[in-house]
Every structure is written in structure tokens, then in C-alpha cells.
Amino acid sequence: MLDIQLLRSQLDSVAARLADRGVVLDTTRFQALEAQRKELQIRTQDLQTRRNALSRQIGSLKAKGEDPAPVLAEVAGLGDALKAAEADLDALLATMNEFAAGIPNLPHESVPRGRAADDNVELRRWGTPRVFDFPVRDHVDLGAGLAGGLDFEAGARIAGARFTVMRGAVARLHRALGQFMLDVHTREHGYTEIYAPYLVNAESLFGTGQLPKFEEDLFRVPRARDGGGEGAAAPLYLIPTAEVPVTNLVRGEILAREALPLKFVCHTPCFRSEAGSYGKDTRGMIRQHQFDKVELVRIEHPDSAWAALEELTRHAETILERLELPYRRVVLCTGDMGFSAAKTYDLEVWLPAQHTYREISSCSCFDAFQARRMQARFRGERGKPELVHTLNGSGLAVGRTLVAVLENGQRADGAVVVPQALRGYMGGMEVIEPGS
RNA sequence: GGAUGGGUGGCAGAGUGGUCGAUUGCACCGGUCUUGAAAACCGGCAGUCCUUCGCGGGGCUCGUGGGUUCGAAUCCCACCCCAUCCGCCA
């Protein structure tokens, strides 16, 4: 959420910066609402002031044993007008909140302007894509050959499209990847491991910005009470990313300054409905309803947040380098960023079968945008609460990393070479043999 | 699922209809003292919103939402959450 004061004082420049994102801010509407608000709020508060003063008078008159009847009569006349004004103000403030809650974050100055993914800017490359002297197979073919290690038919039968079953060495490789990432981030990068709920409430999703605008991307779990019917409890949602439960760890908190920064790492499954991506990445496990991800989350002092984004992104890149997977870093342009982000780096891994780089991590700084929605603060230098800054990044998406390891490590015979870094997690296994 | 107790400022913990947005302690900040620190003493210290150039003035908030009342942290209703015990259970 943007600072409402900023909207009031610099509406035009806010609108201009949002325009870079391809978002049209209805400034006329905002100004109309704001004018109404001002008038209504002053009127309401004035009525409340009078009511309070008269009530206090009644109290002191009674204490002195005098007759409060005249004052009582006076205050009675206030009642209806006050109730009406309060109701109107509440409704108006709710409308304005809704308006403000739907506005995405402002891009940081360093973000390149652009309309869509084509305008993203590549910043660096690491590693050299391998040259194959045999026809490259994609992970679907490779996985099927590894004793049905990747089974999309079974996934579809059990749950539906975009679900996968892994078996044997491939399942183990998947587990190894998660363990490896967790170990590097906790042991070498100083993150605290978190285990968190996979179902969260609507407030948490509002805090990180998935709600109210993107409910259709989520899996919603209704809850019946007392056998259903009236008074059903609020629904829960399956997490689309560990960002949601982990960032919300500080929702509503006022942290001590010394407590910052908080660095968390959390390995969870992620659930996304993928509404609106029909026909996209339908083959293989690039785009699934359920996938594992190791997420890095940081709660930072505003002064350190931008340096933290660079550091966090490096932490994610470290995983790719240890796995010897060629990748590139891209900075998303204004038009391609997510709702809550002020700046985002995407890491894209080389997939030989697609002969292209594909997103495997997304690292973002949200400045105070999420913190304001969550009311996550710390006690600042002046002793007053200030909003923290939040960041997160995938370190990495485990499913896609598995795809990258399979495709990049394949041999002509359909075997897959296990990266050095993972062998300890694979019981020393160096190669996953076809049919094994 | 049943029973009981409870949700108050960063923390602990008072407060059961009228200057209570709230006693007190701890923590924190400033000062006196001290070579410095500690201790002691003095002072300050919830959040948020509106208004104002500023000084200041005002509103709202005691889990959440309703209600009663001129007036609610205090009374009533509903809900949420926490603790403990019982039942069930991986």
C-alpha cells in the first residue's frame, strides 16, 4: 500500500510513476473522494467533540448534585446527526481504503522503463551453455526414461493437469535440492530456517499483496462450521509462496531496532491456480499447481534494504553456481513487475531443450509497501515506530531447478550426471542411470 | 468436540459506568551526581488519524464487530484468539 499522504500531497507524480507501470490512476476520483473525506471528517469530529464535552459536563453536574436535565436535552439533539456522520465517514474511508489497496507499488528510480517482458534488461551472465553432440532431450523425456522418475500421467490421474509424481532417484534428487539449498542459506548465508503453515488467512495474503486483487490465482479452502450452513468460518488459502507466511511473521509487530535485519529461509510447497495461463508451459513441470520452493525473506531497516536486495540476489545466484547451472540476471522493467515490488531481479537458468533462459528465481525489494499493509514496524532512531522494509527471493524454485539439473546434466544414453554439490545428499550417487 | 480461565501501552500487571487513553513496575530516552560506569535521584515515554507554516487544538483505539447509555476498558450479544483439563487423533 502506498502512503496515503503521498497520494494527497503528490498525486500527479504518483500517477506519472504508475503510468510507467502501465497503470492508470484515477486522479479525478481520488480528489473527489479526498474532498468529501475532508469535509465529512471535520464535521464528524466536530460533533464528537461537542458530544464529549457535554457528556463530561453531565458527569460533573451529577457529581456536584446539580440537575443535568438541560444539558441532557442538548446532547440528545446531537445523536442522530452524529450517528449519520459517523456511518457516512466509515463508508467513505472504506471506499478510499479499497481504492488505495488496489494501487501497486511505485518502481524504484533504478528500474528501467518498459511495457512488458521484452523490455527487461539483462545485467549479467554466468556460465557457458553446454554444447551437445547428440539430440537434446527435455526433462519430460529424460524423466520418463529414468524408470518413470517423472510421471505426468500419474499426476494427472491423481489430481489433474499440472500435477506431477516423482519416483525413485528423481524424487530423491528433488529432496536433495531442497536440503542443499536450505543448508547453504542457513550455514553460509546466515538465514534462520523457518517451518510455517501452508494454509494462511486472508489478512496474511492482504499483507503481502496477493489479496484483494489476485484471489483468482489462489487455491481457496472453505471451512464449514458445525456441519456447515450459517456462520461458516473465514476461508483459508493454500500459500502461493512461503513469502506469505514468513513475511507475515512480523505483521502487527513493533520490533526493536537491534532485531533487524531478520533473515529467514523456508522450504515449502507452493500452490497456484495458474488461472489465465491456459496453454502456457503445458508440457512438463515448468508450470505446476504445486511445486516446492526455498524462499529467502528479509526484514530490513530502510537504510539497508537496497544493499540487502543485492546481497539476497547473490545468495540465490550462489545456488545456481554451485550446481554449475548457467544463468543470467535480468532486471524487470516497470511494466513487468509484480504488484507489490519496487524492484525485481529475475534469475533465469539455461534450459538446453528450450534453448533459452527460463525464470528460476525472482528477488524483490518491496520497500515499505508490504510493511504498511501489515503494519510491520520497528522502533526507530527517534524512538518512534517506523515501517520496516521487506524483501524476498526464491533461493530457488526447486521444481524448476530439478528440470535444469536433468536437462543440463544429461548424457547421450539418457543418464543424468549429478552435480558435485548434490552427491553428498544422494548417498554418493554420481549418475542417475536410465531405468534405475 | 466438552469444560474452565483469560485477551489492557515494548514487556509485566492494575483498573468493573463519568477528567481513565488508562495506577504501578521493568525496559527505553534525557538530566543531576561520577574521572568513567553502576547505583541513587529528577524528568520524559502507547499508537494512529484530522487540522495548522508552526505553537497548538481535536478525533479514534483497552482481541474484533455489534448493542445499551448523555457517557463504556468497565454492562449486554456474537465472533476470533490464547492457556489449562477431558475426549478424539497423526
Side-chain angles (χ1 to χ4, degrees), chain A residues 1-9 33-97 99-101 195 197-207 222-236 245 248-260 262 299 301 368 371-388:
Chain A
M1 197 134 74
L2 299 180
D3 186 356
I4 188 85
Q5 305 293 354
L6 194 68
L7 287 173
R8 285 179 187 142
S9 60
L33 288 171
E34 174 60 9
Q36 268 184 67
R37 189 226 100 225
K38 197 158 178 166
E39 192 264 316
L40 239 182
Q41 184 159 6
I42 289 172
R43 182 148 53 87
T44 306
Q45 293 191 355
D46 179 58
L47 286 167
Q48 287 169 330
T49 305
R50 282 158 61 195
R51 191 259 331 265
N52 291 346
L54 293 173
S55 289
R56 233 173 283 133
Q57 242 184 74
I58 293 166
S60 73
L61 283 176
K62 278 189 167 179
K64 283 186 281 189
E66 293 173 30
D67 179 17
V71 186
L72 230 42
E74 194 183 340
V75 79
L78 251 50
D80 287 348
L82 181 58
K83 273 214 167 70
E86 282 176 339
D88 290 352
L89 182 61
D90 281 354
L92 184 66
L93 289 178
T95 304
M96 291 190 79
N97 267 334
F99 182 86
Y195 174 85
Y198 300 161
L199 287 162
V200 294
N201 57 34
E203 289 77 11
S204 294
L205 287 155
F206 179 85
R223 286 193 287 179
R225 177 194 302 289
D226 297 336
E230 281 292 299
L236 293 172
N248 275 279
L249 243 25
V250 296
R251 173 152 58 90
E253 293 283 312
I254 299 179
L255 304 160
R257 190 170 184 272
E258 306 78 62
L260 301 177
L262 293 169
I299 313 296
H301 188 285
R372 192 171 291 111
R373 295 168 83 94
M374 291 191 299
Q375 282 303 295
R377 295 170 293 177
F378 70 100
R379 207 163 280 283
E381 287 67 24
R382 300 187 314 281
K384 287 284 159 198
E386 294 177 44
L387 296 168
V388 298

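Chain identifiers are assigned alphabetically (A, B, ...) following the order of the sequence lines, protein sequences preceding nucleic acid strands; residue numbering begins at 1 within each chain. From a predicted model like this one, the values you see are computed outputs, not experimental measurements.
Comparing A:Arg379 and A:Glu34, the nucleotide of RNA chain B nearest to each residue sits closer to the 5' end for A:Arg379. Across the interface with RNA chain B, nearest-nucleotide mapping of A:Ser60 and A:Thr44 shows A:Ser60 to be the residue nearer the 5′ end.
Taking the P atom of each, B:rG2 and B:rC88 are spaced 15 Å apart, rounded to whole Å. For B:rC55 and B:rG66, the P atoms lie 34 Å apart once the distance is rounded to whole Å. If you take atom P in B:rU24 and the same atom in B:rA46, they sit 12 Å apart, rounded to whole Å. Atom name C1', nucleotides B:rG25 and B:rG13: the rounded distance is 8 Å, in whole Å. For the C1' atoms, the distance from B:rC85 to B:rC77 is 28 Å, rounded to whole Å. With both ends at atom P, the span from B:rU23 to B:rG10 equals 14 Å, rounded to whole Å. Between B:rU68 and B:rA12, the two C1' atoms lie 34 Å apart (nearest whole Å). With both ends at atom C1', the span from B:rG9 to B:rA3 equals 33 Å, rounded to whole Å.
Comparing B:rC70, B:rG47, B:rG58 by their nearest atom to the side chain of A:Ser55 picks out B:rC70. Comparing B:rU48, B:rU51, B:rG10 by their nearest atom to the side chain of A:Ile254 picks out B:rG10. For A:Gln48, counting side-chain heavy atoms from C-beta on, the closest listed nucleotide (B:rC60, B:rG18, B:rC49) is B:rC60. Comparing B:rC49, B:rU52, B:rG10 against the side chain of A:Gln5 picks out B:rC49 as the nearest. Considering only side-chain atoms of A:Thr49, the nucleotide from B:rG59, B:rG18, B:rG47 that sits closest is B:rG59.
Ionic pairing of A:Glu39 and A:Arg43 is present here: one or more N-O contacts between side-chain nitrogen and carboxylate oxygen are shorter than 4.0 angstrom. A salt bridge does not link A:Glu86 to A:Lys83: none of the charged side-chain nitrogens sits closer than 4.0 Å to a carboxylate oxygen.
Here the side chain of A:Arg373 pairs a donor or acceptor atom with the backbone of A:Ala101 at under 3.5 angstrom. Judged by distance alone, the side chain of A:Arg372 and the main-chain N or O of A:Met1 form a donor-acceptor pair under 3.5 Å. In terms of modelled atom types and a separation under 3.5 Å, the side chain of A:Ser60 and the main chain of A:Gln57 share a donor-acceptor contact.
Among the heavy atoms of the strands lying under 4.0 Å from A:Lys62 is at least one base atom, whether or not backbone atoms are also near. Within the nucleic acid shown, A:Pro385 comes within 4.0 Å of sugar-phosphate atoms alone, with no base atom in reach, counting heavy atoms only. Looking at heavy-atom distances under 4.0 Å, A:Arg43 makes no contact with the nucleic acid at all.
Proximity of A:Arg51 to the phosphate of B:rU69: no side-chain N or O atom is located under 4.0 Å from OP1 or OP2. The side chain of A:Asn52 places no N or O atom within less than 4.0 Å of a non-bridging phosphate oxygen (OP1 or OP2) of B:rG71. Using a 4.0 Å cut-off, some side-chain N or O of A:Lys384 falls inside it from OP1 or OP2 of B:rG47. Of the side-chain N and O atoms in A:Arg50, none sit less than 4.0 angstrom from OP1 or OP2 of B:rG58.
Enclosure of atom CG in A:Asp67 by more than 12 non-hydrogen atoms of other residues, nucleotides or ligands within 6.0 angstrom is indicated.
A 3.5 Å limit on both hydrogen-bonding distances identifies no Watson-Crick or G-U partner for B:rG17. Across all strands shown, the partner of B:rA3 is B:rU84, judged by Watson-Crick or G-U wobble contacts whose two distances both fall under 3.5 Å.
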